[in-house]
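In what follows, chains are A, B, ... by sequence order, proteins preceding strands, each numbered from 1. Because the structure is a prediction, the values reported are computed rather than measured.
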Amino acid sequence: MPELPEVETIVRQLAGHLPGRRVQDIEVCRADLLRESAEDFSRGLQNRDIVAITRRGKNILLSLSDQSLLLVNLGMTGRLLFRADGSTDPPPTHLGIRFQLCPGGSLLYTDIRRFGHLLRYSKAAWGKENRRLGPEPLGRWLTHHRFHTSLQTSRAPIRSWLLDQKRVAGIGNIYAAEALFRAGVHPFRKARGLNREESKALLKGIRKVLREAIWAQGTTLRDYRTASGGRGGFGPSLQVYGRAGEECPTCKAAIERIVFANRSAFFCPHCQPEVL
DNA sequence: AGTGTATCCTGCAGGC
DNA sequence: TGCCTGCAGGATACAC
């Protein structure tokens, strides 16, 4: 569910609450969210101070006072909510893990489908894992030239390439569809088949749609919520995702939906021709 | 090596 | 009303 803009929104909100707070107590309601025992997980976090919160791709990273790190991946339906003490909000459904913080407040991880996970890393172990992720699409390192060069190494359909977190980190099915539409590139096209002009348009499209979605605090189709429980406002700005049968905003042709790699792809057959 | 597919899990919408 | 099917923003183990 949550792609880069959604995760960025959550991180920005939590940055106003978490740093400076201590993890006082941990309640694990759903142990299958972890890859270690609930006891080890709790022991590794208890009494650590949260120093910082950042994002890498679609992952949320909490830096702790002992140099270790807690990674939160929200999967499809994960939420990370901050609740002040005495909050009148109703208790969340599908609570997975509750972190009681000091001085005051709690951090709640909820997840209907439980595709998400929480992982502790040492500084060194995270460094190694981090290198396996592709560059940040909004980062300065990823130039048009590097993007184009990277595309040339793959025969995969460009939609699959964009979803592969080892290529570029943070893009999911919604923003892949939107970026391809903005660039006029059919999702089926081979990555290495894009010429310089097309790859430049694609990177520009990716950056534009991600920035606009961050500005709108992400896209709530159903389950995504910000850290304060709010909804993202980018939904009405989606031009093709979820709009099969509707008119293309550019040319009025009917938007099509095809399924490959087990996922829907939405595109305009006129603005995004499969063959040039 | 580099791809596509099936699978984990729950909830909801739509058809009958 | 209720049962059934298909579909969902992600990541990964496997087969080819």
If only side-chain N and O atoms of [X] are considered, is one of them under 4.0 Å from the OP1 or OP2 phosphate oxygen of [N]?
X	N	answer
A:K58	C:dG9	no
A:R114	C:dG10	no
A:S154	B:dT3	yes
A:S160	B:dG4	yes
A:N73	C:dA11	yes
A:T77	B:dG11	no

Atom-pair distance ([atom1] on [X]; [atom2] on [N]), nearest Å:
X	N	atom1	atom2	value
A:H94	B:dG11	NE2	P	4 Å
A:L74	B:dC8	CG	P	22 Å
A:I112	C:dC7	CD1	C1'	14 Å
A:L4	C:dA11	CG	P	11 Å
A:L118	C:dG10	CG	P	18 Å
A:Y175	C:dA8	OH	P	16 Å
A:I158	B:dG4	CD1	P	12 Å
A:I174	C:dA8	CD1	P	11 Å

Quiz item: A:R113 side-chain donor-acceptor pair to C:dA8 base, under 3.5 Å
yes

For residues A:F260 and A:F188, establish whether the separation of their ring centroids is below 6.0 Å.
yes

Using a cut-off of 4.0 Å on non-hydrogen atoms, how would the nucleic acid contact of [X] be classed: base, sugar-phosphate, or nothing?
X	answer
A:R155	sugar-phosphate
A:L221	base
A:N262	base
A:R167	sugar-phosphate

By nearest heavy atom, map A:R257 and A:H117 onto DNA chain C; which one lands nearer the 5' end?
A:R257

Show the nearest heavy-atom pair for residues A:R263 and A:R159, with the distance to one decimal.
O-NH2, 3.4 Å

Which nucleotide in the list B:dG11, B:dC9, B:dT3 gets nearest to the side chain of A:P157?
B:dT3

Among C:dG10, B:dG2, B:dG11, which is the nearest nucleotide to the side chain of A:R222?
B:dG11

When rounded to the nearest Å, what value does the distance between P atoms of C:dC3 and B:dC9 take?
22 Å

Mind checking the P distance from B:dT7 to C:dT5? Whole angstroms is fine.
16 Å

Could you go step by step and tell me if A:T226 and A:Q217 meet the side chain to side chain donor-acceptor pair (under 3.5 Å) rule?
CA-CA 8 Å; A:T226 71; A:Q217 303 201 100; 5.7 Å; no

Classify the angle between the aromatic ring planes of A:F147 and A:W161 as parallel (below 30°), tilted (30 to 60°) or perpendicular (above 60°).
perpendicular

Count I, L, V, M, F, W, Y as connected when their side-chain heavy atoms are under 4.5 Å apart, and connections chain through other members. Are A:F267 and A:L238 then in the same cluster?
no

Can you tell me if A:R113 and A:T77 form a side-chain donor-acceptor pair at under 3.5 Å?
no

Stacking check: are the rings of A:F115 and B:dC9 less than 5.5 Å apart at their centres and under 30 degrees in tilt?
no

May I ask which nucleotide in the shown strands pairs with C:dC4, Watson-Crick or G-U wobble, both distances under 3.5 Å?
B:dG14

